[in-house]
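Reminder, nothing fancy here: chain letters follow the sequence lines and each chain counts from 1.
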Amino acid sequence: MTQERYNPQAIEEKWQARWREEKSFAITHESDKPKYYVLEMFPYPSGNIHMGHVRNYSIGDVVARCKRMQGFNVLHPMGWDAFGLPAENAAIKHHVHPAQWTYANIDNMRAQLQRLGYSYDWSREIATCRPEYYRWEQMFFLRLLEKGLVYRKKAPQNWCPSCHTVLANEQVIDGLCWRCDSRVEQKDLTQWFLKITAYGDELLADLSLLEGGWPDRVLAMQRNWIGKSTGATVSFALEKAVEGASAIEVFTTRPDTLFGVTFMTLAPEHPLVEKLLEGYEKADEVRAFAERIRNMDRLDRQSDNLEKEGVFTGAYALHPFTGQRVPLWLGNFVLADYGTGAVMGVPSGDQRDFEFARKYDLPIRVVVQPRGENLDPASMTEAWSGPGVMVNSGAFDGMDNETGKKAVTDRLEQEGKGRSTTQFRLRDWNISRQRFWGAPIPVIYCDQCGVVPEKEENLPVLLPLDVKVREDGRSPLPETPAFANCACPRCGGPARRETDTLDTFVESSWYFARYTDARDDKAPFSPDALRYWLPVDQYIGGVEHAILHLLYSRFFTKALRDLGFFPQGLAEPFTNLLTQGMVLKDGGKMSKSKGNVVDPTEMINKYGADTVRLFCLFAAPPERDFDWSDSGIEGASRFLARVWRLFTEEEDRLLPIKACGSAAADATSAEGRDLRRKEHLTVKKTGEDMGARFQFNTAIAAVMELVNAMYLSREKLGRGEADKRVFSSAMATVLTLLSPITPHLCEELWQRLGHPAPLADEPWPQWDEAATFQDMITVALQVNGKLRGTLETAAGADKAALEQAALADPAVQRHTNGLTVRKVVVVPGKLVNIVAN
RNA sequence: GCGAGAGUGGCGGAAUUGGUAGACGCACUGGACUUAGAAUCCAGCGCCUAUGGUAUGGGGGUUCAACUCCCCCCUCUCGCACCA
């Protein structure tokens with residue numbers, strides 16, 4: 001026996017160098033094997049990796065290595081989401097150029113990732129800030145523009161005063177900037193938009209394709225965000241037509257309650273407000289109200305406990321069916337940018353309208369009531385929005401209200417007073433950013449020709465790097481003449497370039513596809529490679545992207561398909577999604593300000609990469625948050641040292657055989673049979689846990705059990721060839737099963753066993769059903785469902801024998817003494833339950 | 001309010017088809033080895049009034065048998081929230 005300490009540092013460097021030099025994980029799409037594309041969300045190159053990255057990428061690496069061993073041609077790439085604000089902020093703070101800062105960070109983080117031994121195909125590495133990448137994005141922009149999926153419009157936009165840029169709706173969280181938590185303001189700006197709403201229906205419908213593959217809550221969040229509502233747009237004629245309008249339209253999901261309309265409420269921003277007020281004696285009061293509401297902070301205006309307020313405009317519309325006069329009010333709760341910016345008021349059927357009507361003493365007219373009940377407007381305390389029968393609704397009386405929705409809409413359509421309508425909560429995606437460190441938008445403004453797209457052959461529009469970043473954070477591009485001034489691609493005259501850059505979420509919306517053909521300088525992708533690799537089979541990342549990045553990528557997939565870049569049959573980019581939990585410390589998020597950050601590099605220095613990987617996977621199932629534990633990682637380290645010790649101490653009896661490499665004939669002793677059975681059962685369990693269920697914690701636990709069994713058996717097992725084979729096979733199995741998780745240690749010991757080829761190229765072991773059979777088993781003995789004893793019995797014992805043995809058991813007899821046995825339930829191989837009273 | 005998920009020892013967590021609850025690990029306790037410590041090894045470890053009783057957030061139900069299925073309730077986390 002030799003004593004030898006496990007020393008990860010030397011081993012890990014050795015294998016990492018080898019993987020790098022031999023390009024061990026580079027692959028092509030020319031392969032007979034089935035493909036498997038596993039992808040982890042690429043990082044922003046902030047400077048250093050944190051534990052969240054380690055967890056994310058360790059999960060991905062186990063999947064990649066495991067699938068590779070299970071016979072798949074695995075694409076497992078890595079890159080950098082490299083444009084974005086932090087680079088500019090760092091530039092201001094440290095007086096380095098954003099590009100320099102970004103590339104230095106990439107170099108640093110790449111080295112950190114390589115120290116963790118991840119099996120990436122580094123030949124496919126991308127950085128989105130390189131022209132070789134963003135040139136294709138500029139091309140997509142032009143094609144989308146051509147197709148009408150990009151447009152320019154002036155509208156109130158989310159403006160972050162601290163970041164000096166607009167934000168997409170998805171980037172405003174509770175009224176605050178997603179990056180810096182500043183209060184978002186509204187600002188009228190002309191911006192470029194991607195028409196994601198054109199895909200609203202498809203984005204919603206295709207979520208059903210992802211059921212089972214994506215977590216339910218992510219699907220729910222997307223559904224929610226898209227927010228499809230079906231109903232009708234109804235036109236109410238104005239009693240007195242105003243300039244440019246003779247009617248006001250409302251959107252409703254409840255056309256069945258149309259006869260209950262007793263007023264109408266307009267958003268203070270509604271374009272007709274000023275015209276409706278003409279000649280009204282209290283117009284100034286109304287104007288003041290509208291002004292006050294319009295100027296309210298958006299956050300306050302959307303808050304929970306904002307009291308509903310309104311004011312009568314003096315104007316009336318006419319009910320489309322009854323011709324009754326409907327007073328027009330302004331209301332602080334009506335959203336200008338949803339539906340038509342005006343809603344019909346049905347106090348009997350809508351709680352908000354009910355409260356509004358009570359407050360301002362407006363009439364309440366019951367039009368839908370629960371079957372068998374009579375609602376009385378005078379005594380009602382809340383609106384009835386449930387199902388029921390239509391009343392006070394003319395020809396529709398007596399109709400079920402669900403049927404009524406369609407019937408009323410049909411009649412509106414016949415009379416030209418309305419139409420069936422679908423509304424989305426989803427808004428088009430503002431992709432303009434007033435920032436420097438981003439991909440230039442390839443558009444030119446010419447006094448003669450107007451807005452002119454750059455010519456495709458002139459791409460890329462290079463982001464100039466010889467620019468000094470402004471101290472105030474504003475983009476230097478507008479005042480960089482070499483960039484901003486240009487010739488009009490159409491008339492050749494002097495023109496100005498668009499100086500806004502693209503939202504960085506545009507880059508991350510298609511990067512997964514670029515990996516399939518990352519070095520192509522003739523086209524964004526090779527169609528063959530795309531057809532082979534897409535979609536991504538397993539995507540892994542944080543749930544914080546449940547809407548933002550994942551929605552945008554889904555949209556891009558559909559849009560690029562319709563532009564002819566992606567295969568026609570491709571509907572969704574990511575078939576399966578795993579949202580990994582966060583790594584916490586002391587129950588909270590790690591943060592510099594709290595001083596509870598655990599630095600992966602320190603941990604690698606102390607314990608080695610294998611231990612860090614092992615602990616991240618063992619601590620909890622991947623979806624769940626877990627609390628970093630300093631004693632927990634000690635345990636992981638201890639286990640690997642234990643494997644190392646077992647190997648080195650028993651090296652003299654280890655034969656160079658492979659996992660599951662012993663024969664049934666080798667396991668002649670009870671010890672041998674037991675160990676061999678445990679070995680095969682472990683292969684069975686880890687294969688399922690690691691390759692299918694992604695429950696790495698239980699897979700690791702199973703291997704730990706096998707190692708424990710080996711420790712217990714080593715004294716009892718003999719040193720004959722057959723026993724050596726049984727023991728060696730178990731050792732080979734431990735190394736093979738553990739290799740996706742702790743590849744360095746496993747490769748090292750594998751090589752030391754005398755195997756010339758690396759473990760990474762080994763096939764996943766095959767377990768043998770026959771090896772898992774047991775002659776004698778333990779059966780539970782229950783009396784009235786309570787465990788009273790156990791029984792050692794032959795595995796094949798039949799029901800009658802089991803029943804007899806159970807009834808003869810002393811413990812059972814003690815508990816059935818004086819009782820009459822009514823029934824005996826025998827589950828062969830499991831238990832016997834005696835029912836007695 | 002709506003939607004999703006969760007609730008099991010001192011802690012992280014197992015229990016995949018309803019069939020011996022607490023695998024595996026952490027922490028802890030005792031022992032061995034040691035001048036001592038570290039490391040390692042062995043043993044113990046849900047709770048209690050302990051040959052038994054009791055226990056998977058609480059209450060009911062189905063069943064020979066329930067962490068698992070059904071009904072009601074409580075708590076926590078996350079997301080959305082005046083979307084007409």
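Contact between the side-chain N/O atoms of His815(A) and the OP1/OP2 oxygens of U51(B) is not found at any separation under 4.0 Å. Residue Arg788(A) has no polar side-chain atom (N or O) positioned under 4.0 Å from OP1 or OP2 of A65(B). Residue Asn224(A) places none of its side-chain N or O atoms closer than 4.0 Å to OP1 or OP2 of C2(B). When the side-chain nitrogen and oxygen atoms of Arg638(A) are compared with OP1 and OP2 of A39(B), none of them lie within a distance under 4.0 Å. OP1 or OP2 of A84(B) lies within a sub-4.0 Å distance of a side-chain N or O belonging to Ser229(A). The shortest distance between the side-chain N/O atoms of Arg624(A) and the OP1/OP2 oxygens of U77(B) is not below 4.0 Å. Regarding contacts with the backbone of C83(B), every side-chain N or O of Arg254(A) stays at 4.0 angstrom or more from both OP1 and OP2.
Residues forming a side chain to side chain contact (heavy atoms under 4.5 Å, CB included) with Thr790(A) (at least two apart in sequence, or on another chain): Thr778(A). Considering only residues two or more places apart in sequence or on other chains, Arg223(A) meets the salt bridge (charged side-chain N to carboxylate O under 4.0 Å, His left out) condition with Glu211(A). Listed by chain and number, the residues in a side chain to side chain donor-acceptor pair (under 3.5 Å) with Asp586(A) amount to none (sequence neighbours excluded).
Using a 4.0 Å cut-off on heavy atoms, the residues of residues 628-636 of chain A that approach RNA chain B are Ser631(A), Gly635(A), listed by number. A heavy atom closer than 4.0 Å to some atom of RNA chain B occurs in Val825(A), Val827(A), Lys830(A), Leu831(A), Asn833(A), Val835(A), these being the qualifying members of residues 825-837 of chain A.
Note: Tyr360(A) and Trp329(A) have tilted aromatic rings, judged against thresholds of 30 and 60 degrees for the angle between ring planes. Taking the six-membered ring where tryptophan is involved, the planes of Trp644(A) and Tyr6(A) are tilted, since the angle between them lies from 30° to 60°.
Comparing U51(B) with G58(B), their P atoms sit 26 Å apart, to the nearest whole Å. Taking atom P in both G53(B) and C11(B), the straight-line distance is 27 Å, to the nearest Å. Comparing the same atom, P, in U29(B) and in U34(B) gives a spacing of 23 Å after rounding to whole Å.
The closest side-chain donor-acceptor pair between Asn332(A) and Arg292(A), if any, does not fall under 3.5 angstrom. Judged purely by distance below 3.5 Å, without hydrogens or angles, the side chains of Glu170(A) and Trp225(A) pair a donor atom with an acceptor atom.
Taking the charged nitrogens against the carboxylate oxygens, Glu650(A) and Arg645(A) have no contact shorter than 4.0 Å, which rules out a salt bridge.
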In sequence, state the C-alpha distance, the side-chain angles, and the governing distance for Glu679(A) and Thr733(A), and then conclude on side-chain hydrogen bond (donor to acceptor under 3.5 Å, both in side chains). CA-CA 7 Å; Glu679(A) 178 193 359; Thr733(A) 293; 2.6 Å; yes
Test log, rule side-chain hydrogen bond (donor to acceptor under 3.5 Å, both in side chains), inputs Arg554(A) and Gln222(A): CA-CA 11 Å; Arg554(A) 295 183 61 226; Gln222(A) 292 230 349; 2.8 Å; yes
Evaluate the ring-ring contact (aromatic ring centres under 6.0 Å, His included) criterion for residues Phe259(A) and Phe321(A): first the C-alpha distance (whole Å), next the side-chain angles of each, then the deciding distance (0.1 Å), finally the verdict. CA-CA 8 Å; Phe259(A) 285 84; Phe321(A) 288 163; 5.5 Å; yes
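For G61(B), the base adopts the anti conformation, since its glycosidic angle falls more than 90 degrees from zero.
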For Watson-Crick and G-U wobble pairs within 3.5 Å on both distances, what is RNA chain B written in dot-bracket notation, | included for inter-strand pairing? (((((((..(((......[....))).(((((.......))))).(((...)))..(((((..]....))))))))))))....
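What separates CZ of Phe354(A) from C1' of A84(B) is a distance of 17 Å, to the nearest Å. Look at CZ on Phe694(A): it is 20 Å from P on G13(B), rounded to the nearest Å.
Taking the centre of each ring, Phe333(A) and Phe356(A) come in below the 6.0 Å mark.
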